[in-house]
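Bear in mind that the values here come from a model prediction, so they are computed numbers and not experimental data. FYI, the numbering just counts along the sequence from 1.
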Amino acid sequence: MTQNGYQQGFTGNPGAIAYQKWLYPWAIAKLMPNMQRAIVGRFRRRSDADGHLLCLRQLMPQVRFVVVFDLQPDLEVAIPAPTVIR
């Protein structure tokens, strides 16, 4: 479980996880070979992400991390269509 509360209590509902990504748009990404990236953590504010980035760079200086503004949901999370109530 992450310290910033992302996905806390939303593990069973993919739609809620997608909504949580809109609440936490700032992310720290680990840069990997072949233009790939892995999201390490998500934050509501850029200043929070920058602070965590400084800590990560001190703990793991050999790994490249960047702060990104990521509002696009991951492709593996399926968002169910809204139901119509009549």
Side-chain angles (χ1 to χ4, degrees):
M1 183 177 302
T2 60
Q3 292 182 2
N4 62 0
Y6 174 68
Q7 290 185 350
Q8 185 176 9
F10 291 98
T11 56
N13 188 349
I17 292 173
Y19 176 69
Q20 282 292 101
K21 288 187 179 185
W22 288 95
L23 294 178
Y24 294 89
W26 293 100
I28 296 178
K30 176 183 175 183
L31 300 179
M32 298 185 299
N34 298 329
M35 299 295 293
Q36 294 179 348
R37 68 178 184 170
I39 301 296
V40 176
R42 292 188 168 274
F43 307 90
R44 283 185 185 237
R45 294 173 206 84
R46 171 148 189 171
S47 61
D48 293 340
D50 287 335
H52 283 269
L53 179 65
L54 290 175
C55 292
L56 285 172
R57 285 184 175 164
Q58 288 179 352
L59 292 172
M60 296 182 279
Q62 69 280 5
V63 181
R64 292 190 56 205
F65 294 103
V66 292
V67 174
V68 294
F69 189 78
D70 182 28
L71 281 180
Q72 183 177 7
D74 290 339
L75 297 176
E76 68 267 7
V77 176
I79 300 173
T83 58
V84 177
I85 301 173
R86 296 181 187 198

So does Phe65 get a backbone contact from the side chain of Arg57, meaning a donor-acceptor N/O pair under 3.5 Å? yes
Restricting to non-hydrogen atoms, name the atom on Trp26 and the atom on Arg44 that form the minimum distance, rounded to 0.1 Å. CD1-O, 3.5 Å
Heavy atoms only: give me the nearest Leu53-Ile28 pair and the separation to one decimal. N-CD1, 3.7 Å
ILVMFWY cluster, Leu54 and Val68 together (side-chain gap under 4.5 Å): no
Connected via hydrophobic side-chain network under 4.5 Å: Val67 and Met60: yes
How many angstroms lie between CZ in Arg37 and NZ in Lys30, if you round to the nearest 0.5 Å? 14.5 Å
